[in-house]
> 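Before I ask anything, let me first share the structure, which is written out below as structure tokens.
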Amino acid sequence: MIRREKPAVPATPLDVVHIRLGSFFLFFAIAVGALGVVSNVPWLTAAMGVVAVITIIDIVLAMRRQRAREAEGEEGSDGLE
């Protein structure tokens, strides 16, 4: 008999990828933006600022999708807590 269990985390792999890769891109954008400030290259700093804002928005949206799925899971819980 095959027993199917719910996953331990209600996140989809796509949400996890968005959050993990997003955090990497955010770190990279901040580091390169700081390098642009130090080397006095304003266009590089501005570009990395735009990349950082877009990445933050993407991470926030992925986290909101996760929370929405968690809320759905609480309502339709099978008692597997």
> Can you name the closest pair of heavy atoms from Gly36 and Leu44 and give their distance?
CA-CD2, 3.9 Å
> Kindly work out whether a path of hydrophobic side-chain contacts (I/L/V/M/F/W/Y, heavy atoms less than 4.5 Å apart) joins Leu26 to Val60.
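Yes, because Leu26 and Val60 connect within a single hydrophobic cluster, where side-chain heavy atoms sit under 4.5 Å apart.
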> Between CG of Leu61 and CD1 of Ile56, what distance do you get to the nearest 0.5 Å?
12.0 Å
> Could you grab the distance from atom CG of Leu35 to atom CD1 of Ile30, nearest 0.5 Å is fine?
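Those atoms lie 13.5 Å apart.
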> What distance separates Phe25 CZ from Ile54 CD1, expressed to the nearest 0.5 Å?
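Going from the CZ atom of Phe25 to the CD1 atom of Ile54 covers 12.0 Å.
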> Answer with yes or no whether the hydrophobic clustering places Val41 together with Phe28; edges join I, L, V, M, F, W, Y residues whose side-chain heavy atoms lie under 4.5 Å apart.
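Yes: a chain of side-chain contacts under 4.5 Å links Val41 to Phe28.
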> Answer whether the closest heavy-atom distance between the side chains of Arg69 and Asp15 falls below 4.5 Å.
yes
> Answer yes if Val38 and Val32 sit in the same cluster of Ile, Leu, Val, Met, Phe, Trp and Tyr residues linked by side chain heavy atoms under 4.5 Å apart, and no otherwise.
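In one cluster: no.
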> Shortest non-hydrogen contact from Ile59 to Gly22?
CD1-C, 3.5 Å
> Would you check if the side chain of Thr45 reaches a backbone N or O of Val37 as a donor-acceptor pair within less than 3.5 Å?
yes
> Which heavy atom in Ala62 sits nearest to a heavy atom in His18, and how many Å separate them?
CB-CB, 3.9 Å
